[in-house]
Amino acid sequence: MKVAVIGSGYVGTTTAAMLANAGHEVAALDIDKRRTDAINKGKAPFFEAGLSELIGAAIDDGSLTATTSYEEAIPEAEVVFSCVGTPDNPDGSSNLEYVFAAAKEAAPLLKADAIYVQKSTVPAGTGQKLVKELKKHTERNIHYVSNPEFLREGTAIKDTLLFDRVVIGNSKPDVANKVASLYEDVEKHKRAINSIAKLGISAEQLNEHTGSYVLTSLNSAELIKVTSNAFLALKISFANSIAKLADQADADVVEVMDGVGADKRIGRAFLNAGRGYGGGCFPKDVSGLVSSAYEHGVDLNIMTAAQELNSSMPGHIANKVKESFGSLKNKRCAVLGLAFKPGTSDARKSPAVTLANILAHDGSQVSAYDPQAMEEAAPDLRKDIELCDSVDEATSKTDAILVATDWPELKELDLTQVKKTSNADLLVDCMNVFDKQLVEDAGFTYIGVGR
Ligand code: UDX
């Protein structure tokens, strides 16, 4: 099938690369020429495991091209995916400017009976407005489908191959089935995609995997996406509020959540307490949901409580360091990990960056290091924070080491060696990933979150 994908961010680039490697002819479209140039050279425009390999293979066999021109990408496409950004407005509502601009520009070029598939996260009710927008700019019959994306950064390809569910919101079965068939093609090619992307998913995992196709109305599909992310954010904030209690009640939140999560109705996932959630999705999806509920006269104060709790976590951790030293003035702190989570160079709304800034603001001399996110974190870090090229450089002279993102290489640090070279007193385990005893055996005082 001829497919166009508008937007070459995480969602769009992954979608384009997967479909091109599943036998389709894909045009990736982005207004940023640096992104389309990167793709045409066979490279992902950002770091995501396996994505450059898939793009390289698709460019080589001619199944993928990238362009900045709507006129080139849209007219022949039977299915057009819209994967443009939906950042948040200063008031927390979703900024739908790019979503509407893409629809307006694509509409006059769409062929009759083309399917316009919205993958960007939008508030419930947006699709109905976009159907009207498309109609304003074309007289041809166009189908509109909401097909929200659930992939996570860092595991984007694996999440797409081993999906839990594909949600398709459109009440016409033939339209929904045509979109579903694209995902079925990805499933058929999953072994080849796994080997090109060098993901190392076992044959057993690939064979056993069964995801479901959830066919719903347009508005329900839109609400499924934001509700899923809001619920996960709620789980994290709930774990963090119990962590604050565990700190006072002398309990260990990791043990507590292991016990709580063993109840299959609850589940262990997303109950890891720490410095809180960040990134390009949870913060904006939660604020977008709160704001769209408000417009409908519904007060989602359960989510505003989660937001407040989440914002308090970096300060909560900084206070623990302050209490331990008496004051942060002239204390040296090394913050290891700045990305909002491991496996990505993305530092948007990263609580690790906020933590570094709070420590510096409160008088500490802060050094910072991340294996991938230095460049993307730098603009959001205070200018008095020293940017380092390695763990050794960041920790060479420090009083406290704060592991703020749970990168594998940081979790596996040789603590005895780090203790020798840094002579730091404190190890602050901001994601609760270290064995407390091993940290103490290495000679550090251990500080966790709720432990
Ligand atoms: C999320 C959703 O998981 C995904 O389905 C959606 O499509 C986009 O938003 P992503 O933002 O890539 O994906 O990251 P995710 O892995 O979900 O983590 C989000 C944040 O929560 C990270 O900052 C992570 O460190 C934090 N987190 C996660 C916790 O603090 N505790 C947990 O238990 C889990």
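We count ligands from 1, going down the list as the structure has it; atoms in each ligand are counted the same way. What you see is a predicted model, and the numbers here were worked out from it, not measured in a lab.
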Inspect the contact between [Y] and [X] and indicate whether a charged nitrogen and a carboxylate oxygen are less than 4.0 angstrom apart.
{"X": "E153", "Y": "R348", "value": "yes"}
{"X": "R451", "Y": "D429", "value": "yes"}
{"X": "K341", "Y": "D406", "value": "no"}
{"X": "K188", "Y": "D185", "value": "yes"}
{"X": "K349", "Y": "D88", "value": "yes"}

I want to check a possible cation-pi pair here: K331 against F325, using under 6.0 Å from ring centre and within 45° of the ring axis as the test.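 Ring-cation test returns yes.
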Quick one: ligand 1 N/O to protein N/O pairs below 3.5 Å?
from, atom 1, to, atom 2, distance (Å)
ligand 1, 5 (O), F150, O, 2.7
ligand 1, 7 (O), E149, O, 3.4
ligand 1, 7 (O), F150, O, 3.2
ligand 1, 7 (O), L151, O, 2.8
ligand 1, 7 (O), K225, NZ, 3.3
ligand 1, 12 (O), E153, N, 2.8
ligand 1, 12 (O), K341, NZ, 3.2
ligand 1, 14 (O), K341, NZ, 3.3
ligand 1, 16 (O), K341, NZ, 2.9
ligand 1, 23 (O), G278, N, 3.2
ligand 1, 23 (O), F340, O, 2.7
ligand 1, 25 (O), R275, NH1, 3.4
ligand 1, 25 (O), F340, O, 3.4
ligand 1, 31 (N), N272, O, 3.0
ligand 1, 33 (O), L271, N, 3.4
ligand 1, 33 (O), N272, N, 2.9

